[in-house]
Amino acid sequence: MFAGVMRTILLTNDDGIDSPALVPLARALGRLGRVRVVVPDSERSWIGKAISRFEVLQVATTTRQGCAMHAVSGTPADCVSLGIHTLFDAPPDIVVSGINLGLNYGGAFVLSSGTVGGAIEGWIAGLPAVAFSMAIPNDAYGLTGAARVEALGEQPLAAAAVAVEVLETILAGGYPAHVDCFSVNMPADVGLRTPRRVARVSRSRYGPLFEPGPDGGYVHRFRWLTDLDEDDQGDIEVLRRGAVGITPLRFDFDTDLSPDLRAALERQ
């Protein structure tokens with residue numbers, strides 16, 4: 001599928017229209033096909049595959065650094081649904097989500113990520129989908145606006161080049177039918193010579209996510225992620241070793257029960 005043909009790529013993210021990684025990826029993807037950019041109008045991180053049920057979504061056409069974009073007052077999954085079914089005369093051939101500024105490795109993050117959520121929405125619509133995420137350099141962590149752009153430097157360009165090379169490789173032999181979507185995580189210093197490993201999703205947990213804030217409320221403060229596995233093929237360990245982790249995802253939610261529990265639960 002898609003090998004050697006012109007394709008239309010739907011690009012979204014969860015960091016919003018002003019993410020420093022958006023324009024570099026949009027431009028880099030241009031060598032693989034026509035790129036349609038449909039992204040949240042502001043950051044929508046930690047939102048998973050949420051769909052706006054009651055809000056009236058607003059869509060504005062705009063540009064960033066000469067790239068035409070649609071800015072949506074909703075989630076990454078909203079953007080993907082609109083980009084596939086509503087905004088254009090024909091659907092895209094593939095959905096790309098990212099590049100997220102922050103890693104989305106381990107099950108706890110995969111289930112929470114708006115970036116991965118955008119790719120999952122593409123899969124639900126029957127399209128191949130790939131989510132890309134990159135670690136934030138230590139000196140850029142916690143920064144916003146111009147300070148973050150300056151601290152990131154040329155790394156979004158480098159990450160975009162790697163993302164496109166990985167995507168091109170996935171598509172070259174035909175997108176695999178048994179893969180629902182891919183999640184690709186890149187270290188902060190990623191480049192075209194960085195090692196790459198196919199990895200599985202590590203089982204993981206995070207701790208408290210909220211702490212007291214202004215006016216008696218609570219604010220989001222992520223503290224830690226715990227890797228529950230001791231497996232050098234897990235995506236967390238692959239990134240710890242400085243490699244790109246390429247994780248094929250398949251959403252098979254079934255597992256087995258013991259015969260005794262199955263018998264106790266079932267009724268004839």
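The cluster map of Ile, Leu, Val, Met, Phe, Trp and Tyr, joined by side-chain heavy atoms under 4.5 Å apart, puts L82 and I17 in different clusters. Each of L25 and V80 belongs to its own hydrophobic cluster when Ile, Leu, Val, Met, Phe, Trp and Tyr are linked at side-chain heavy-atom distances under 4.5 angstrom. M186 and L152 fall within a single hydrophobic cluster, where Ile, Leu, Val, Met, Phe, Trp and Tyr are joined by side-chain heavy atoms under 4.5 Å apart, directly or via other members. No chain of hydrophobic side-chain contacts below 4.5 Å, direct or via other Ile, Leu, Val, Met, Phe, Trp or Tyr residues, connects I136 to L103. V38 is not connected to V23 by any chain of hydrophobic side-chain contacts under 4.5 Å among Ile, Leu, Val, Met, Phe, Trp and Tyr, and they are in different clusters.
Judged by distance alone, the side chain of N104 and the main-chain N or O of S133 form no donor-acceptor pair under 3.5 Å. Of the possible donor and acceptor atoms, one in the side chain of N100 sits under 3.5 Å from a partner among the backbone N and O of G102. Under a 3.5 Å cut-off, the side chain of S112 and the backbone N or O of G48 do not form any donor-acceptor pair. The backbone N or O of V116 lies less than 3.5 Å from a partner atom in the side chain of S113, making a donor-acceptor pair. For the pair T194 (side chain) and G191 (backbone), a donor-acceptor distance under 3.5 Å is present. A donor-acceptor contact shorter than 3.5 Å links the side chain of R250 to the backbone of H178. Under the 3.5 Å distance criterion, the side-chain polar atoms of N185 are left unmatched by any main-chain donor or acceptor of G245. For Q155 (side chain) and V190 (main-chain N/O), a donor-acceptor pair under 3.5 Å exists by modelled atom type. Here the side chain of Y105 pairs no donor or acceptor atom with the backbone of V184 at under 3.5 angstrom. The closest donor-acceptor contact from the side chain of R221 to the backbone of V219 lies at 3.5 Å or more, if one exists at all.
For the atom pair CG of L29 and CG of L167, the computed distance is 6.5 Å after rounding to the nearest 0.5 Å. Note: D180 CG to I120 CD1 = 9.5 Å, rounded to the nearest 0.5 Å. For the atom pair OG1 (T62) and NE2 (H70), the distance works out to 10.5 Å, reported to the nearest 0.5 Å. In this structure, the separation between CD on E121 and CD1 on I124 is 5.0 Å, given to the nearest 0.5 Å. Between D232 atom CG and D229 atom CG the span is 11.0 Å, to the nearest 0.5 Å. We find the CZ-OG distance between F109 and S183 to be 12.0 Å, quoted to the nearest 0.5 Å.
Between the side chains of R200 and S202, no donor-acceptor pair is found at a separation under 3.5 Å. Side chain to side chain, S81 and D78 fail the donor-acceptor criterion of an N or O pair below 3.5 Å. Checked by atom type, the side-chain pair S73/D41 shows no donor-acceptor distance below 3.5 Å. R205 and T226 form no side-chain donor-acceptor contact under 3.5 Å, judged by distance and modelled atom types alone.
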Practice problem: Please assess I84 against L127 for the test side-chain contact (heavy atoms from CB on, under 4.5 Å), listing each intermediate value before the final yes or no. | Solution: CA-CA 9 Å; I84 293 172; L127 295 178; 3.6 Å; yes

Self-check item: Derivation of the side-chain contact (heavy atoms from CB on, under 4.5 Å) call for S19 and L101
Solution: CA-CA 8 Å; S19 167; L101 296 178; 4.1 Å; yes

Practice problem: Check the pair W46, F210 against ring pair (Phe, Tyr, Trp, His ring centres under 6.0 Å), reporting the backbone distance first and the verdict last. | Solution: CA-CA 13 Å; W46 283 88; F210 298 94; 8.9 Å; no

Practice problem: Step by step, work out the side-chain contact (heavy atoms from CB on, under 4.5 Å) result for V56 and Q58. | Solution: CA-CA 6 Å; V56 177; Q58 303 296 324; 3.6 Å; yes

Practice problem: For Q65 and R27, run side-chain contact (heavy atoms from CB on, under 4.5 Å): C-alpha distance rounded to whole Å, both residues' side-chain angles, the deciding distance at 0.1 Å, then the answer. | Solution: CA-CA 10 Å; Q65 300 176 47; R27 288 177 171 165; 3.5 Å; yes

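Here the closest heavy-atom approach between residue R196 and residue E165 is recorded as NH2-OE2, 2.7 Å. Minimum interatomic distance between S204 and G107 (heavy atoms only, all atoms of both residues): OG-N, 3.2 Å. The shortest non-hydrogen separation linking G83 to P92 is O-CD, 3.8 Å. Across P187 and G242, no two heavy atoms sit closer than the pair CG-O, 3.7 Å. The minimum heavy-atom distance between L22 and G16, with the atom names listed, is CD2-O, 4.1 Å. Heavy-atom minimum distance, G114 versus S97: O-OG, 4.5 Å.
Proximity of the aromatic rings of W123 and F182 is defined here by a centroid distance below 6.0 angstrom, and this criterion is not met.
Atom CZ of R31 is surrounded by more than 12 heavy atoms from other residues, nucleotides or ligands within 6.0 Å. In this structure, R203 places its CZ atom where only 12 or fewer heavy-atom neighbours from other residues, nucleotides or ligands lie under 6.0 Å away. Counting non-hydrogen atoms of neighbouring residues, nucleotides and ligands closer than 6.0 angstrom, the CD atom of E211 exceeds 12 such neighbours.
Side-chain contact check for W224 versus P208: some heavy-atom pair is nearer than 4.5 Å. At a threshold of 4.5 Å between non-hydrogen side-chain atoms, the residues C79 and P40 count as touching. Residues S52 and T75 meet the side-chain proximity criterion, which asks for heavy atoms closer than 4.5 Å. Side-chain contact between P128 and V95: absent, with no pair of heavy atoms (C-beta onward) separated by less than 4.5 Å.
Looking at R240 and D227, a side-chain N of the basic residue comes within less than 4.0 Å of a carboxylate O on the acidic one, giving a salt bridge.
Because its NZ or CZ atom is both nearer than 6.0 Å to the ring centre of F88 and within 45° of the ring axis, R36 counts as a cation-pi partner of that residue.
Considering V166, T115, V164 as possible partners of F132, the one that fulfils the side chain to side chain contact (heavy atoms under 4.5 Å, CB included) test is V166. Screening L171, L10, T8, L32 against I94 for a side chain to side chain contact (heavy atoms under 4.5 Å, CB included) leaves a single residue, L171.
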